[in-house]
Each structure stands twice: as structure tokens, then as C-alpha cells.
Amino acid sequence: MSSYAKEIETAAKLCDANGSTWDAISPESVARMRLQNKFKTGLDIARYTADIMRKDMEAYDQDSSKYTQSLGCWHGFIGQQKMISIKKHFEGNTDRRYLYLSGWMVAALRSEFGPLPDQSMHEKTSVAALIEELYTFLRQADARELGGLFRELDAAREAGDQVKAKNIQNQIDNHVTHVVPIIADIDAGFGNAEATYLLAKKMIEAGACCIQIENQVSDEKQCGHQDGKVTVPHEEFLAKIRAVRYAFLELGVDNGVIVARTDSLGAGLTKQIAVTKEPGDLGDQYNSFLDCEEVAASDLNNGDVIINRDGKLLRPKRLASNLFQFRKGTGEARCILDSVTSLQNGADLIWIETEKPHVRQIGAMMDEIRKQVPDAKLVYNNSPSFNWTLNFRQQVFDAWKEEGKDVSAYDRDNLMSAEYDDSELSKAADEKIRTFQADASREAGIFHHLITLPTYHTAALSTDNLAKEYFGEKGMLGYVEGVQRKEIRQGIACVKHQNMAGSDMGDDHKEYFAGEAALKAAGKDNTMNQFG
């Protein structure tokens, strides 16, 4: 018996058990509504998607070509349309394709304060709210798609086409959900470890199976691609990692995934000197990177902070901001120590925020990390903050120059110029950009590639194009030519916006509830019929 038929049988037994008062309840309609609502709670989603991530991590360990990807989405509709597109273009398959929830975009687009920089100033509850919203839209995509299949099934039955009806029922039984893992950004935890735990619970209850946390000071948090980043000693960060793990375990998401992000490559400051009990311990290793000068007792000034190391008195450099400074050139070593420490203390994946997309740089750090944690895997930000065109053109320029190839036709500092777009160098750079994710996954241990805020940029670009045309000489043709005609020809389901918003599902429900008396919206006068 098919799963669809079993659902109908189960509902029929329930209706029978409740006697004649339930005679108007259709077991098949109940079955349909249940199938359209596969995930009853956010915790159902978190457990389901955690299993997916764990399976994908194991597959990557066996074959680095099986890396995973995601795009950052700032609204449920954007996430929904992304997954609808993926199913359309990849034969109904969502394998290894996730969603990313960017704290940057929550700050910039979802705060009640209005647009904010990525500095943890937005309402922390808006993070969990966006997770819930994303999954609401993904579940609605499931319901909409299944609703279409149910209507096709009814039409096939009415036409007496049993072969087609059986084929459609098979599609229903093997329906692939739009619900996929979300890697969710909790910033630096929005406070102490208890605050981190409380927010993590809200995020998990909303459906998050994977939480990403960074080692910056919570109340000094900066975007990973801005200056002024301040890190915390390892023990404070590990307490927050444990807080997230406890949240997962309390809620029964036993295989929830934690991504530990280090911003140490670009962070030259710390707010605290770490507690150390003996030479070489974790606190001592953290302090060893401080920019210090050796002093004698007679050199001390009022209020100086002093470290005793190996019998020497060292005065860390303290700025007017009351922050302490790390020695220049220690960023990569600190990233390696951060990553190893996090993985050895409960994190599942690491994230190293870099200043450029360079496979060899990332790979060199991962080689050192894997000496201590052989199965270490990286989540990497394919950031819009990078000038990908210029970076890769310069990388090719430098490689060619090192090989002795003539590069006199190119100005390295001006390689962004459109005059180079059709050049041999630019074509080589574009090919490196195209294969970056596969190359970095193979050579630098990257399990997951994400773009943090791509849909922020696509929204701005598409709106600019429409505004330029619609308010210009093209008028309405600007919309028709630039949007609607392309929607129709590319098979964008959203061209039937009433259907996408749920009008057909509403009609189905009206019929379930009121039978022939239902007043439905999808009649002959519905203008959506113009789109076939």
C-alpha cells in the first residue's frame, strides 16, 4: 500500500471511530492536509535537517567533491523561491543545497530600528523569527506543490485515466520536501553564555539544526570584513560552544551541528588577558600572542597591567580604548589555535574569516589544523565583500609573472578595467572563479560554501534595472520586457502570484470545509488563467 493510501486508511479509521458526527469529514482530505504539513514543529525540522547535515559531512569525508552550498536569504519568500528554483533546475533534487541565515542581513533588513551595521545591535529575537519565517515559507512550498498534484490526481480520476492517476500518486508518495538545513548565525552570542544558551534554544525551536558562533566580544562585535574586531580568550568562547550544545541536547536534537567561527585573522585586539594557571596552558597560549615589552619593576607606571612569563615581567600594549593589542603577523597562528581548540571542545565545523578568497592561504591553515584534527572541515564565506574579479585577475597575474610569462600588457593595479574583460588573463581568472568551490573543497578542506548576503545585492540590482526602465522611456514595457516576459519564458512559478500566495490551497480548504457551497477564487474570471 502506498503512503498516500495508508494516510487515507488511517484517517478513515479515525473518522469511523468518531461516529456519525464526523460523516462530513473526508478521510482523503484529512490525508492530503497531513501530507501537506509533514513537519508539525520546528524541532521536527531541526532533527530532520540535522540528520541531513551529518550524512552530508560523512559523504564529504569520503569524497571532497560532495561539498555543500547555500545562499543567504533575508526573507521567507526569498528562501522559498530559491528552493523552488533548485528543484526546478536540478531534477527535483535538493541534495547538499542549504539555506544560510546571515546576521548581517538581519541587521541590515530585519531590525525594528531600521537598517543597522553588522554589530549585534539588532533585536536578537529577530534571528529566531527569521528561521521560523523561512521554514513557514518552505513548508508552504511543499503544501502548494502537493496541492497541485492532488488537483491533477482528481482530474485524472475524473477523466478515467488510471495510468496517469497512478503516476501522480507515485509522485505524491515520493515527494521531495523543500525543507533543507539552515546554517544560522548567532553572531557572538548576544551576551554571556547564558544569553547564548537562551537564544540558541529559540533558534533550535524555530527549526535550526546548525548554529554558527564567532569568537568576538559580544558587545564589541563587528562584521568579519570590517576593522576593529576584538576576540575573547578561548575559555569564554568554549563556554558558549558548550551552551549551544546543551541547548541542542535539552531539546532532543542530539546531533545538532555547531560551527565555530574565528575572526582572528583580521582581529588585532582583545578585551581581556586570559586566565592562566601554568605555562603552556590555553590561557598562556592566548596571552603569548599579545604585543608586550619587557620591563623592570622600576619601569612600571600607575595602573600598568603586567604578565609574568618565565620569570620576566611583560607589559602588554594597552590602547586608550582599554583594549590590548596582539603582535602583528600572528593572525594565522591564532586562527589555527582557535580552530583546533574549538574542534577539540565540541564544535563540529570551523569557519575562518579571511580577507580574500585564496585557496593556498586557506589550505595552508587547514593543513596545520588537520595535523591535530585529521577530519577537520571548514565552512567558508564566499563573501560579496571580496572583489572577486580583481582578486582572481591579480592572482593569475602574479602566478604568470612567477612562471616567467610576459605580463607587460597588463596593469596589475588596474585589472578591474573592462578593457581586460576579453583578455587571456581575465578568461583564466574567470575559470578559477568558476572552479573555486570545487578546488577549495578538494585542496583546503571546505565542506560548505556559502554566500552571506547575495540576495541583498540581487534585490538592489533587479530593482535598479526595473526603476531605470519603468520610470524612463520604456514605461510599462520596462516591466513586461524585463520581468514578466522572462518569468513566463523561464517557467518562474511566481508569475502566477495568486497561486504562489496560496489562493488555490485556500480553495481546496474551502471545498473540504463547505463542499459545494464553497465560494472559490479560481474560477473563469481569475486573471491568473491568462498564464495557462
Side-chain angles (χ1 to χ4, degrees), residues 69-86 97-138 180-188 203 206 208 210-212 214 216 221-227 229 259 261 263 266 351 353-357 379-391 416 433 436-437 448-470 482-483 486 492 494:
Q69 299 167 287
S70 65
L71 294 173
C73 300
W74 54 272
H75 191 280
F77 178 72
I78 301 297
Q80 178 199 64
Q81 294 304 302
K82 174 193 154 183
M83 295 315 302
I84 288 174
S85 176
I86 284 171
R97 299 176 179 96
Y98 305 167
L99 296 183
Y100 179 66
L101 185 150
S102 161
W104 192 103
M105 286 206 287
V106 172
L109 297 168
R110 301 301 301 255
S111 174
E112 292 184 12
F113 293 107
L116 293 172
D118 184 20
Q119 296 173 357
S120 287
M121 294 189 291
H122 56 279
E123 308 86 348
K124 60 185 179 181
T125 51
S126 60
V127 181
L130 179 53
I131 296 169
E132 183 176 6
E133 177 181 291
L134 284 162
Y135 280 127
T136 296
F137 273 78
L138 294 183
V180 295
I182 291 176
I183 296 178
D185 185 0
I186 199 172
D187 280 15
M203 294 168 69
C210 178
I211 293 178
Q212 164 224 324
E214 60 205 56
Q216 291 192 47
K221 184 260 190 298
Q222 299 277 12
C223 172
H225 292 286
Q226 291 182 318
D227 203 358
K229 293 184 290 297
V259 179
R261 172 175 140 181
D263 282 282
W351 170 325
E353 196 72 279
T354 67
E355 82 287 1
K356 60 182 181 292
V379 172
Y380 188 71
N381 179 8
N382 293 219
S383 177
S385 293
F386 304 144
N387 185 332
W388 287 77
T389 300
L390 182 60
N391 264 292
M416 188 65 198
I433 294 171
F436 173 78
Q437 294 187 337
H448 187 79
H449 288 274
L450 60 89
I451 307 179
T452 44
L453 45 137
T455 52
Y456 179 89
H457 293 276
T458 55
L461 179 62
S462 61
T463 301
D464 181 78
N465 289 333
L466 176 60
K468 176 180 65 176
E469 301 294 349
Y470 178 74
V483 181
K486 289 182 179 179
I492 305 296
C494 198

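Residue numbers run from 1 in the order of the sequence given. This structure is a prediction, so every number in the text was calculated from the model and none was measured.
Asn382 places a side-chain N or O within 3.5 Å of a backbone atom of Tyr380 that can act as its donor or acceptor partner. Glu214 places no side-chain N or O within 3.5 Å of a backbone atom of Ala188 that could act as its donor or acceptor partner. Side-chain atoms of Asn391 come within 3.5 Å of backbone atoms of Asn387 as a donor-acceptor pair (strictly under, hydrogens ignored). A donor-acceptor distance shorter than 3.5 angstrom exists from the side chain of His449 to the backbone of Gln437, with no hydrogens or angles considered. Judged purely by atom type and a 3.5 angstrom limit, Ser85 has no side-chain atom pairing as donor or acceptor with the backbone of Gln81. Proximity of a side-chain donor or acceptor of Asp185 to a complementary backbone N or O of Ser102 within less than 3.5 Å is not detected. Looking at Ser111, its side chain never comes within 3.5 Å of a backbone N or O of Ala107 through a donor-acceptor pair. Put simply, the side chain of Trp351 never gets that close to the backbone of Asp263: no donor and acceptor are under 3.5 Å apart. A side-chain donor-acceptor contact under 3.5 Å links Arg110 to the backbone of Trp74.
Taking CZ from Arg261 and CD from Gln216, the interatomic distance works out to 6.5 Å, rounded to the nearest 0.5 Å. In this structure, CG on Leu390 lies 7.0 Å from CE on Met416, to the nearest 0.5 angstrom. In this structure, the separation between CG on Leu116 and CH2 on Trp104 is 11.0 Å, given to the nearest 0.5 Å. Rounding to the nearest 0.5 Å gives a distance of 8.0 Å between CG of Leu134 and CD1 of Ile131. Interatomic distance, NE2 of His75 versus OG1 of Thr455, reported as 11.0 Å (0.5 Å rounding). Between the CD atom of Glu469 and the CG atom of Asn465 there is a distance of 7.5 Å, given to the nearest 0.5 Å.
Under the 4.5 Å side-chain criterion, counting only non-hydrogen atoms from C-beta, Ile451 is not in contact with Ser383. You'll find the side chain of Arg97 stays beyond 4.5 Å of the side chain of Ser70, heavy atoms only. Between Pro384 and Leu453 there is a side-chain heavy-atom pair separated by less than 4.5 Å. In this structure, the side chains of Gln69 and Leu450 stay at 4.5 Å or more apart for every pair of heavy atoms. Counting heavy atoms from C-beta on, the side chains of Ile186 and Gln212 never come closer than 4.5 Å. Put simply, the side chain of Ile84 reaches to within 4.5 Å of the side chain of Gln80, judged on heavy atoms. Phe386 has its side chain within reach of Thr354: a pair of non-hydrogen atoms, C-beta onward, lies under 4.5 Å apart. Using a 4.5 Å heavy-atom threshold, the side chains of Ile183 and Leu101 count as separate.
Checked options Thr452, Ile182, Val379; the residue passing with Tyr100 is Thr452 (criterion: side-chain contact (heavy atoms from CB on, under 4.5 Å)).
Under the 3.5 Å distance criterion, with hydrogens and angles disregarded, a donor-acceptor pair is assigned to the side chains of Asp187 and Ser120.
Remark: Phe137 CZ is packed, more than 12 non-hydrogen atoms of other residues, nucleotides or ligands lying under 6.0 Å away. Atom CD of Glu123 is surrounded by more than 12 heavy atoms from other residues, nucleotides or ligands within 6.0 Å.
Here the closest non-hydrogen pair linking Ser126 and His122 is OG-CD2, 3.7 Å. When all heavy atoms are compared, the tightest approach of Lys82 to Cys73 is CD-SG, 4.1 Å. Contact record, Val180 with Tyr135: O-OH, 2.8 Å, taken as the closest heavy-atom pair.
In this structure, the ring of Tyr98 has its center less than 6.0 angstrom from the ring center of His448.
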